[in-house]
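It should be emphasised that the depicted structure is a prediction, and the values quoted were computed from it without experimental measurement.
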Amino acid sequence: MTFGAFAAVMVAVGWFLLSSQVAHTDVQTAVSESLGAILVLMLIVSVIGSIRRG
């Protein structure tokens, strides 16, 4: 659980830095994109978990 939370935060920070520094988007857009990246990561992990249990 802790590793998953750490991984989600690292994905969000990485996406934020990539979006704001490389793509030169504004901060609000970079934050919303990083939150979207966390959502996608959680969805993928949820689907994989339900397949493995199922």
Side-chain angles (χ1 to χ4, degrees):
M1 186 85 152
T2 303
F3 177 73
F6 180 73
V9 168
M10 288 294 102
V11 166
V13 168
W15 197 281
F16 174 79
L17 291 174
L18 183 70
S19 180
S20 66
Q21 300 298 317
V22 176
H24 303 292
T25 59
D26 59 321
V27 173
Q28 184 178 3
T29 303
V31 168
S32 64
E33 286 178 356
S34 65
L35 291 176
I38 288 177
L39 177 63
V40 169
L41 179 68
M42 289 190 321
L43 267 167
I44 290 170
V45 169
S46 175
V47 167
I48 290 171
S50 66
I51 290 172
R52 291 186 72 193
R53 284 188 172 223

Please name the pair of heavy atoms, one in Val11 and one in Ala37, separated by the smallest distance, quoted to 0.1 Å.
CG1-CB, 4.1 Å
Distance, nearest 0.5 Å, that separates CG of Leu43 from CD1 of Ile48
11.0 Å
Check whether any side-chain N or O of Ser19 sits under 3.5 Å from a backbone N or O of Trp15 as a donor-acceptor pair, and report yes or no.
no
Answer yes if Phe3 and Ile44 sit in the same cluster of Ile, Leu, Val, Met, Phe, Trp and Tyr residues linked by side chain heavy atoms under 4.5 Å apart, and no otherwise.
no
Within one Ile-Leu-Val-Met-Phe-Trp-Tyr cluster: Val27 and Val13, side-chain cutoff 4.5 Å:
yes
Rounded to the nearest 0.5 Å, the CG atom of Leu35 sits from the CZ atom of Phe16 at a distance of 10.5 Å
As an exercise, state the distance from OG of Ser34 to CG of Leu17, rounded to the nearest 0.5 Å.
9.5 Å
Calculate, to the nearest 0.5 Å, the distance between atoms CD1 and CD belonging to Ile38 and Glu33 respectively.
13.0 Å
When every non-hydrogen atom of Ala8 is compared with those of Leu41, the smallest separation belongs to CA-CD2, 3.7 Å
